[in-house]
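Structure first, commentary second.
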Protein chains: 2
Amino acid sequence: MPHAEMNAGAGVTGPSPWDQAVDRIRAGGLRWTPQRRTLIEVLREREGHVTATELIARCRERDQTTTPSTVYRTLDLLEDLGLVRHGHGHDGREEYHILPQEVHGHLYCVGCGTTWELRPETGAVIVEALASQLGFSVDLSHVTISGRCAGCHD
Amino acid sequence: MPHAEMNAGAGVTGPSPWDQAVDRIRAGGLRWTPQRRTLIEVLREREGHVTATELIARCRERDQTTTPSTVYRTLDLLEDLGLVRHGHGHDGREEYHILPQEVHGHLYCVGCGTTWELRPETGAVIVEALASQLGFSVDLSHVTISGRCAGCHD
DNA sequence: GTCCGGGCCGCAATGTGTTGCAATAGCGAA
DNA sequence: TTCGCTATTGCAACACATTGCGGCCCGGAC
Ligand SMILES: [Mn+2]
Ligand SMILES: [Mn+2]
Ligand SMILES: [Zn+2]
Ligand SMILES: [Zn+2]
């Protein structure tokens with residue numbers, strides 16, 4: 001029995017989006033390079049959020065010659081493919097959502113420094129308010145809202 | 001008739017918050033310096049929003065020796081006094097609200113690159129939603145929400 | 001007017017992100 | 001396999017923001 005068949009029967013989940021990355025990249029006339037492979041290897045080991053700085057460090061563990069500009073440019077590419085999505089922390093620094101499934105934003109408390117995810121259910125109010133009042137469709141994932149959490153009032 | 005009396009009778013508006021800055025600074029045991037004077041002179045000529053970069057340039061017009069770090073540190077001080085308030089543009093760069101009267105946020109359209117103010121009336125929905133659902137009190141002025149405007153849908 | 005303590009400045013280094021450019025190297029075609 | 005087009009890389013320079021530190025100077029005391 002071939003491997004492909006065994007794998008197909010092993011679960012209902014399809015192939016990881018990362019597995020398709022190489023084909024999707026080449027399909028666009030773009031090229032599959034060692035640098036891109038390294039970054040994707042790093043990304044597929046993580047989930048949730050990462051800063052670009054941390055990604056650069058992890059890439060450098062695997063390939064000492066990693067260059068920041070290449071990583072940033074590859075992240076732009078992966079964002080075009082929808083494999084990552086960047087936002088900005090409270091201080092404006094970039095953060096990447098890995099394989100963003102449900103779009104969510106972030107809340108940051110200036111009192112205690114904690115960050116929470118702003119779930120779509122809660123964010124929906126914001127999205128709907130701006131849509132109905134201004135015809136503006138919000139991209140929650142790009143936003144970090146600052147303020148004070150329940151435990152840090154005044 | 002002394003000048004003070006003439007000025008007092010000239011209008012109903014109180015003194016500009018900038019006029020009190022020097023006293024408020026010294027009252028805290030802090031010092032009134034030429035560098036701080038220069039920045040405040042620049043700020044009192046403008047209203048609305050400014051980037052730190054532009055403030056540095058304007059200061060340098062008056063004083064060629066202006067240094068970025070001093071401007072940034074003075075902006076921090078003025079923010080503590082409530083005379084300015086910083087937020088972040090869609091790309092994370094700092095923007096300053098000068099003499100923030102009503103707190104407002106910003107909307108940025110990724111389609112056409114336009115920025116709008118998010119008026120308190122509209123922002124109120126956001127503030128209230130997060131307050132009631134999460135006990136989180138939002139600081140709208142620190143936020144730029146990205147998305148697409150009515151004219152740029154899909 | 002002089003002195004003195006400590007707040008402030010300028011500098012240099014660091015962190016983070018972007019961009020132009022010349023050389024390299026994918027990859028499809030022959 | 002080799003060739004050639006061009007996407008991509010690495011570098012250097014730049015833009016923006018923050019921080020530690022040594023020396024300066026503001027401003028209250030006398
Ligand atoms: Mn900020
Ligand atoms: Mn952004
Ligand atoms: Zn808190
Ligand atoms: Zn638009």
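Lettering of chains follows the sequences in order, A, B, ..., and the numbering in each one begins at 1.
When the side chain to side chain donor-acceptor pair (under 3.5 Å) test is applied to B:D19, the partners found at least two apart in sequence or on another chain are B:R44. In terms of the side-chain contact (heavy atoms from CB on, under 4.5 Å) criterion, residue partners of B:T67 (sequence neighbours excluded) are, by chain and number, B:S69, B:T70. For the side-chain contact (heavy atoms from CB on, under 4.5 Å) test, residues two or more places apart in sequence or in another chain that qualify with B:E54 are B:R46, B:V50, B:T51, B:R58.
Of the charged side-chain nitrogens involved, none lies within less than 4.0 Å of a carboxylate oxygen, so that B:E41 and B:R36 do not count as a salt-bridged pair. A salt bridge links A:D139 and A:R85; the closest N-O separation between the charged side-chain nitrogens and carboxylate oxygens is under 4.0 Å.
Pairs of residues two or more places apart, or lying in two chains, never qualify as ring pair (Phe, Tyr, Trp, His ring centres under 6.0 Å) while including a residue from residues 17-47 of chain A. Sorted pairs that involve residues 122-133 of chain B and meet side chain to side chain donor-acceptor pair (under 3.5 Å), not counting sequence neighbours, are lacking altogether. Within the structure, no pair that satisfies the ring pair (Phe, Tyr, Trp, His ring centres under 6.0 Å) test touches residues 61-82 of chain B, not counting sequence neighbours. Here ring pair (Phe, Tyr, Trp, His ring centres under 6.0 Å) pairs that include residues 38-59 of chain B, with residues two or more places apart or in two chains, are B:H49-B:H97, B:H49-B:H104, B:H49-B:H106. Counting only residues at least two apart or in different chains, ring pair (Phe, Tyr, Trp, His ring centres under 6.0 Å) contacts with residues 120-148 of chain B comprise B:H86-B:H142, B:H88-B:H142.
By the criterion of side-chain heavy atoms lying less than 4.5 angstrom apart, applied directly or through intervening Ile, Leu, Val, Met, Phe, Trp or Tyr residues, B:Y96 is grouped together with B:L81 in one hydrophobic cluster. One hydrophobic cluster, built from ILVMFWY side chains closer than 4.5 Å, cannot hold both B:Y108 and A:L130; they sit in different ones.
Looking at which nucleotide of DNA chain C each of B:G29 and B:R73 is closest to, the 5′-most match is held by B:G29. Each of A:T70 and B:R31 has a nearest nucleotide on DNA chain D; the 5'-most of these lies closest to A:T70.
Boundaries of the chain A contact region on DNA chain C are C:dT16 to C:dC27, first to last in 5' to 3' order (nucleotide atom under 4.0 Å from a heavy atom). Nucleotides of DNA chain D that come within less than 4.0 Å of any heavy atom of chain B span, from the 5' end to the 3' end, D:dC16 to D:dG27.
Contacts between residues 78-99 of chain B and DNA chain C, defined by a heavy-atom separation under 4.0 Å, are absent. Taking a 4.0 Å limit (strictly below) on heavy-atom distances, residues 47-69 of chain A reaches DNA chain C at A:A52, A:T53, A:S69.
Residues B:A21 and B:L83 approach most closely at CB-CD1, 4.0 Å, considering heavy atoms.
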